[in-house]
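Below, all heavy atoms of this structure are taken into account, side chains as well, without hydrogens, waters or symmetry copies. Letters A, B, ... mirror the listed sequences (proteins, then strands); counts begin at 1.
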Protein chains: 2
Amino acid sequence: MTDSAGAPASAGPGEHPDTKERLLEATLRLFAEGGLQGTSMRAVTQAAGTSVSAANYHFGSKEAMLRAALRLRAEPLNQLRIDALEEVVAGAPRPSVEAVVGAFLRPVFEVRAASAGQGELGRNFAARLYMEPEASVSQIRHEVFEPVNECFRAALARALPGVGSDTVALGQRLSVAVLVHVVSNTSASGGDDLPQPPVDAFIAFVAAGIRALAEDPDATESAPAAGDAS
Amino acid sequence: MTDSAGAPASAGPGEHPDTKERLLEATLRLFAEGGLQGTSMRAVTQAAGTSVSAANYHFGSKEAMLRAALRLRAEPLNQLRIDALEEVVAGAPRPSVEAVVGAFLRPVFEVRAASAGQGELGRNFAARLYMEPEASVSQIRHEVFEPVNECFRAALARALPGVGSDTVALGQRLSVAVLVHVVSNTSASGGDDLPQPPVDAFIAFVAAGIRALAEDPDATESAPAAGDAS
DNA sequence: GTCTATATGTTGATAGAC
DNA sequence: GTCTATCAACATATAGAC
């Protein structure tokens, strides 16, 4: 909505990165390193080789610029996961839990592996996007990931016929939990450079956990018993 | 180490909260709401009914004050969990995975339930402590929680004889993953007020996941196969 | 020990020249 | 469209009176 009318010198057909594009790229990179409050307009615009005024001209505010950058980067991954999930559901009327969980988790690893070559843009970025507690980021995260989560729940319900919807929802949430930790524990969180286990380990963990929830719905719904049954 | 020598008017035997105590309390509360960069000395000292100078007099810097507050709040929980883990190990030479995971997770829920009455001090706090990517917070988190994690790994190794240490370590990491999400998803993360499933659901999920890792060490060590075996 | 006042730097956003 | 110069507000930290 900004490159509509009066952009005579920068609205090329897509050849060289103009100022707006450079700003988005720099925003992503610096946000990935420092989070929202840890990233200043000055740092971003300096990294983009322009000025604060240019950024405010194109986006209006710091938050708007961040939102644009986050959506730009997160939605392709978003679509990748939705496609994978729909493919699993379309391929089998009753897919395995592993297949569904794999469709949910694998694209994240693929994108991380792909962006590992072009610097660490995408590494910390996913962690920041998932973990930043700032309200604006949290809102974007919800907007972008809620369709995926819904798609995941639908696929999971297919894989687990007869299981309650709240159990399915809990399984989805805990899948995200594992995903978040995976994504954060390699770069942003503890400063540790832990070894990265293969994707299948995480899929096996999550699938077994979800099956445990499905097999014991009593624990999911309400469990006042078994306090100290040692 | 600050109330040792020259504190004639505020080092009471523990009756009324002095300035230092009020500062720690306010630091915890505001940090729980806004994170590290989102919490200023001005806001903290104003909430504590004192001035920035007093805070710097007692703690020296913003980061030092935060560190003191974090340790003050996190270490009791820390000890609770270590005790529970040691009790499980002492009670049975080969405890169940559920018992070990329960000892790891339950104290967190207990502390959250206990602090739910005294305002939302402890609710967001755990989430912030676990999720804040700031270096100083991350360092404290590591210092405080590493002993617990080590204790948990030891107990888990008891419950899973013959399982590789890296598999055990992965199980511990993913337990923390679930814990983080549980703790963050009720207040700080998405702004959603999701229903809180019982503790046993999380224990069942984690225990089953860990067993899956233990039963298939092939996936934990290295898994170059099974790319698209659909 | 605690305060007021201040030093020094940074932030996000804007005004106006070009 | 992009820049330089600037604003007002905020940050952490310190100096010195009391």
Peer 1: In whole angstrom, what separates B:F59's CZ from D:dT14's P?
Peer 2: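 These atoms are roughly 15 Å apart.
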Peer 1: Let's see if you can work this out: which of D:dT2, C:dT2, D:dA13 has an atom nearest to the side-chain heavy atoms of B:Y57?
Peer 2: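 In terms of side-chain proximity for B:Y57, the closest of D:dT2, C:dT2, D:dA13 is C:dT2.
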Peer 1: At under 4.0 Å between heavy atoms, what does B:S40 touch on the DNA or RNA strands: base, sugar-phosphate, or nothing?
Peer 2: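 Touches sugar-phosphate only.
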Peer 1: From C-beta outward on A:T50, which listed nucleotide comes closest to its side chain: C:dA13, D:dT2, C:dT4?
Peer 2: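 Nearest listed nucleotide: D:dT2.
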Peer 1: Taking 4.0 Å as the cut-off, does a side-chain nitrogen or oxygen of A:S51 come that near to OP1 or OP2 on D:dT2?
Peer 2: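 No, no such contact exists.
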Peer 1: Over how many whole Å does the gap from A:Q46 atom CD to D:dC3 atom C1' extend?
Peer 2: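 Rounding to the nearest Å, CD of A:Q46 and C1' of D:dC3 are 15 Å apart.
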Peer 1: Let's see if you can work this out: which of C:dT14, D:dT14, D:dT4 has an atom nearest to the side-chain heavy atoms of A:N56?
Peer 2: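 It is C:dT14.
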Peer 1: Measure from the side chain of A:S53, starting at C-beta and using heavy atoms only, and say which of D:dA15, C:dG12, C:dA15 lies closest.
Peer 2: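 Side chain of A:S53 sits closest to C:dA15.
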Peer 1: Let me spell it out: for each of A:G49 and A:R42, pick the nucleotide of DNA chain D with the closest heavy atom. Which residue's pick is nearer the 5' end?
Peer 2: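 Mapping each residue to its closest nucleotide by heavy atoms, the 5'-most match is A:G49.
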Peer 1: So that I can tick it off, tell me whether A:R141 and A:E134 are bridged by a salt bridge, with the cut-off set at under 4.0 angstrom between side-chain N and carboxylate O.
Peer 2: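 Result for this pair is no, no salt bridge flagged.
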Peer 1: Please determine whether the number of non-hydrogen atoms from other residues, nucleotides or ligands lying under 6.0 Å from atom CD of A:E150 exceeds 12.
Peer 2: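 Atom CD in A:E150 is not packed in, count stays at 12 or less.
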Peer 1: Quick one: label B:T39 by what it contacts on the DNA or RNA (base, sugar-phosphate, nothing), any heavy atom closer than 4.0 Å.
Peer 2: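 Since only primed, P, OP1 and OP2 atoms lie under 4.0 Å of B:T39, the category is sugar-phosphate.
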Peer 1: With a sphere of 6.0 Å drawn around CD of B:E110, does it hold more than 12 non-hydrogen atoms of other residues, nucleotides or ligands?
Peer 2: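 It does: B:E110 CD has more than 12 such atoms within range.
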Peer 1: Whole-Å distance between D:dT2 C1' and A:M41 CE?
Peer 2: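 Those two atoms, CE and C1', are 14 Å apart.
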Peer 1: Take atom NE2 of A:H58 and atom P of C:dT14, then tell me their distance rounded to the nearest Å.
Peer 2: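 These atoms are roughly 15 Å apart.
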Peer 1: Specify the separation, in whole Å, of atom NZ of B:K62 and atom C1' of D:dC10.
Peer 2: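 In whole Å, D:dC10 C1' lies 12 Å from B:K62 NZ.
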Peer 1: Are A:R106 and A:D200 close enough for a salt bridge, meaning some N to O gap below 4.0 Å?
Peer 2: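 Between A:D200 and A:R106 there is a salt bridge, with a charged N closer than 4.0 Å to a carboxylate O.
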Peer 1: Given atom CG of A:L23 and atom P of D:dT2, what is their separation to the nearest angstrom?
Peer 2: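 Distance check: A:L23 CG to D:dT2 P gives 8 Å.
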Peer 1: Quick one: pull up OG1 in B:T27 and CZ in B:F59 and give me the separation to the nearest 0.5 Å.
Peer 2: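 Answer for the OG1-CZ pair, B:T27 versus B:F59, is 6.5 Å.
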Peer 1: Under 4.0 Å between a Lys/Arg side-chain N and an Asp/Glu carboxylate O for A:E143 and A:R71?
Peer 2: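 Judged by the 4.0 Å cut-off on N to carboxylate O distance, A:E143 and A:R71 do form a salt bridge.
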Peer 1: Quick one: the dot-bracket string of DNA chain D, using Watson-Crick and G-U wobble pairs with both distances under 3.5 Å, [ ] for crossing pairs and | for bases paired to another strand.
Peer 2: ||||||||||.|||||||
Peer 1: Test the B:R81-B:F104 pair against the cation-pi criterion, namely NZ or CZ under 6.0 angstrom from the six-membered ring centroid and within 45° of the ring axis.
Peer 2: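 Geometry flag: set, cation within 6.0 Å and 45°.
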Peer 1: From CG of B:D18 over to P of C:dC3, roughly how many Å is that when rounded to an integer?
Peer 2: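 In whole Å, C:dC3 P and B:D18 CG are 12 Å from each other.
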